[in-house]
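Just below is one structure, and these are the notes that go with it.
The figures that follow rest on heavy atoms only: side chains count, while hydrogens, waters and symmetry mates do not. Counting convention: from 1, in listed order, for ligands and their atoms alike.
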Amino acid sequence: MEILPRLGVNIDHVATLRNARGENYPSPLRAAKDCEKFGADGITAHLREDRRHIIDQDIFDLKSALNVPLNFEMAATDEMVEIACDVMPNACCIVPEKREEVTTEGGIDVIKNSKRLGKYIHTLKDKGIRTSLFIDPSEKQIKEAKLINADIVEIHSGEYCRKLNYNKNTHEELSLITNASQFADQNNLEVHSGHGITFDSIVELSRIKEIKEFNIGHFIISESVYKGLENVIRHFKELIRQNRA
Ligand code: PXP
């Protein structure tokens, strides 16, 4: 029987809500523990350089309290690699980061940043932390990720998901993700995908059998306002199961 893709829940936006009022609630840790209880296979959090949502203490609290794997999203900087080596998450996903962006806008350019990324991957792997690179669906980027020894590539699904949301033609974006996932898998890279995924976009993405993990945040927290975390997580897991089958 095929193993189903894992659902990683990104809890950054629980922290966004907390920070909007400068209070100590809602707690990202409480939300993460609930996600775990409701079937999340992992928890993802992005410590941004400007600390706009998750802060350092959140990451340490998550690591010590969670039973499921913690995926630490971070920019490619010395500071973040140092924090990762202290926290010791199960995996680090390296993402590009611009202060002025609302969210991670594109994948990291592995070719342009090859030397620096290679050095960070080496440091993290030495510590036993799996490393993932968040990339656009491009064979060139995948080849370079393999060359510098990444364990995982997380394929950016944002373009596909946004077009689907606005009822535009998604044929090209879906083919790019499908082809990139197959190419990465053939190159022995574990394939993840994330960004902008909703109940609608998970349907076709779940059918790409090379994808082993989805990381989903904004929609889960948003939809939970209406339906609660438990219903939303269970529904995502059910959609993944039905469509992978
Ligand atoms: N994967 C990566 C690498 C990301 O940077 C993000 C956004 O932080 C996500 C997944 C989750 O995206 P969303 O919040 O749109 O579901």
Only residue of Y226, F219, F199 satisfying ring pair (Phe, Tyr, Trp, His ring centres under 6.0 Å) with H235 is F199
So, regarding H13 and ligand 1 (criterion: nitrogen or oxygen to nitrogen or oxygen, under 3.5 Å), is there a contact or not?
no
Considering the heavy atoms of [X], write down every atom of ligand 1 situated less than 4.0 Å from one of them.
| X | answer |
| --- | --- |
| I216 | 16 (O) |
| G196 | 12 (O), 13 (P), 15 (O), 16 (O) |
| V95 | 3 (C) |
| N215 | 10 (C), 11 (C) |
| G217 | 13 (P), 14 (O), 16 (O) |
| N10 | 8 (O) |

OH of Y120 to OG1 of T131, rounded to nearest 0.5 Å, is 13.5 Å
When rounded to the nearest 0.5 Å, the distance separating CE of M74 from CD of E79 is 10.5 Å
- prompt: Any chance the side chains of S114 and E144 put a donor and an acceptor closer than 3.5 Å?
  reply: yes
| task | For atom CD of E82, decide whether the heavy atoms of other residues, nucleotides or ligands shown that lie under 6.0 angstrom number more than 12. | result | no
In terms of its nearest heavy atom to atom 2 (C) of ligand 1, the top option of R162, E213, E73, H195 is E73
- request: Examine distances only and state if a side-chain atom of E36 and a backbone atom of N67 form a donor-acceptor pair shorter than 3.5 Å.
  value: yes
